[in-house]
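Here's the structure we're looking at; comments come further down.
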Amino acid sequence: METYSSGMVVGMTGIPACTIRRYIRDFRSFFSLSAQQPNRGRRYTSDDIRMLLSIRHLYAERKSKDKIIAALEGKWTPPAMPRYDIEDATKIIAGAKEILRETKKFSDKAEVQVQRATYATSYLYKSLRNLEDRLEKIEDELSHLKKMRMY
């Protein structure tokens with residue numbers, strides 16, 4: 001039987017590691033022994049992953065811990081998790097692609113703005129250095145004039 005590391009399960013389910021540990025602590029008897037390891041080295045089975053997703057879904061439906069336990073024990077049947085048909089999935093993918101394209105446009109515009117700001121900052125620093133040099137020269141000349149007056 002194939003098992004998965006904690007990092008892989010986080011990536012597969014989108015459930016944060018600390019939440020996975022809490023689910024296992026709160027619903028220990030529903031998980032495999034390898035998932036119940038107290039320290040590093042936890043390994044999760046496909047059944048463990050399904051259990052994590054079910055628990056997350058039930059919490060998202062605002063079910064109490066007692067209701068979740070009843071559902072996991074088969075004493076209560078929760079409403080089915082939402083399913084998408086091919087048309088819905090196609091629309092979701094198209095929407096995600098559009099968001100990606102728009103994000104890329106904004107990213108490109110931001111990159112241009114960063115380049116302009118970098119150039120402007122560079123020009124500003126150069127101007128400030130020139131001004132600093134000129135002020136130092138004027139200061140030196142004034143100091144020289146003061147010395148001349150004293151003699």
Side-chain angles (χ1 to χ4, degrees), residues 1-140:
M1 177 185 295
E2 188 171 8
T3 59
Y4 305 93
S5 69
S6 296
M8 291 170 71
V9 173
V10 168
M12 289 170 20
T13 63
I15 302 172
C18 60
T19 303
I20 291 173
R21 288 191 300 273
R22 181 171 52 87
Y23 287 176
I24 291 171
R25 184 181 63 242
D26 292 349
F27 305 99
R28 179 170 291 281
S29 63
F30 298 100
F31 289 95
S32 67
L33 291 175
S34 63
Q36 294 179 32
Q37 292 296 318
N39 298 320
R40 294 184 183 271
R42 289 182 192 207
R43 301 294 295 179
Y44 300 88
T45 65
S46 297
D47 290 338
D48 293 328
I49 294 169
R50 277 191 286 283
M51 190 64 58
L52 290 168
L53 292 170
S54 296
I55 294 168
R56 179 180 66 180
H57 173 71
L58 292 168
Y59 270 128
E61 294 289 318
R62 303 215 181 271
K63 303 302 178 200
S64 68
K65 184 177 174 184
D66 292 336
K67 201 74 151 168
I68 294 172
I69 290 171
L72 297 177
E73 290 175 340
K75 297 177 183 173
W76 174 71
T77 304
M81 290 178 71
R83 302 259 182 223
Y84 299 103
D85 61 18
I86 293 174
E87 187 177 314
D88 289 336
T90 303
K91 287 178 185 175
I92 291 169
I93 291 169
K97 283 183 172 180
E98 181 62 26
I99 290 169
L100 184 62
R101 278 191 293 275
E102 289 298 314
T103 303
K104 175 115 175 61
K105 282 184 202 175
F106 286 120
S107 177
D108 291 344
K109 287 179 183 177
E111 187 175 344
V112 168
Q113 293 296 332
V114 167
Q115 288 172 350
R116 288 180 181 163
T118 301
Y119 174 77
T121 302
S122 174
Y123 182 77
L124 177 63
Y125 281 130
K126 183 178 177 182
S127 297
L128 288 173
R129 277 193 301 270
N130 287 340
L131 179 60
E132 184 179 30
D133 291 344
R134 290 171 67 190
L135 288 173
E136 283 179 9
K137 285 180 184 176
I138 291 171
E139 197 174 40
D140 289 345

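Quick note: residue numbers are just sequence positions, from 1.
Between the OG atom in Ser29 and the CD atom in Glu73 there is a gap of 7.0 Å [rounded to 0.5 Å]. Here Phe27 contributes atom CZ and Ile68 contributes atom CD1; the two are 4.5 Å apart, rounded to the nearest 0.5 Å. Atom CD of Glu2 is separated from atom CE of Met8 by 6.5 Å, given to the nearest 0.5 angstrom. Between Tyr123 atom OH and Leu128 atom CG the span is 10.5 Å, to the nearest 0.5 Å. Between atom CG of residue Leu33 and atom CZ of residue Arg28 there is a gap of 9.5 Å, rounded to the nearest 0.5 Å.
Looking at Ser54, its side chain does come within 3.5 Å of a backbone N or O of Arg50 through a donor-acceptor pair. A donor-acceptor contact shorter than 3.5 Å links the side chain of Thr103 to the backbone of Ile99.
Contact between Arg42 and Ile24 at its shortest, heavy atoms only, is NH1-CD1, 3.6 Å. Looking at every heavy atom in both residues, Asp48 comes nearest to Ala35 through OD2-CB, 3.5 Å. Nearest approach of Leu58 to Ala71, heavy atoms of both residues: CD1-CB, 4.0 Å. When all heavy atoms of Phe31 and Ile55 are compared, the closest pair comes out as CZ-CD1, 3.8 Å. Contact between Leu52 and Ile15 at its shortest, heavy atoms only, is O-CD1, 3.8 Å. When every heavy atom of Arg56 is checked against every heavy atom of Tyr23, the shortest pair comes out as CA-OH, 3.5 Å.
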task: With side chain to side chain contact (heavy atoms under 4.5 Å, CB included) as the test, would you mind laying out the steps for Ser5 and Arg43 before giving the verdict?
output: CA-CA 5 Å; Ser5 69; Arg43 301 294 295 179; 3.4 Å; yes
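Residues Glu132 and Arg129 are not paired through a salt bridge, judged by the lack of any N-O separation under 4.0 Å between the basic side chain and the carboxylate.
Within the structure, the salt bridge (charged side-chain N to carboxylate O under 4.0 Å, His left out) test picks out the following pairs touching residues 106-128 (sequence neighbours left out): Lys104-Asp108.
In this structure, the side chains of Ser6 and Tyr44 come closer than 4.5 Å at one or more pairs of heavy atoms.
Not a single ring pair (Phe, Tyr, Trp, His ring centres under 6.0 Å) links Tyr4 to another residue, sequence neighbours left out.
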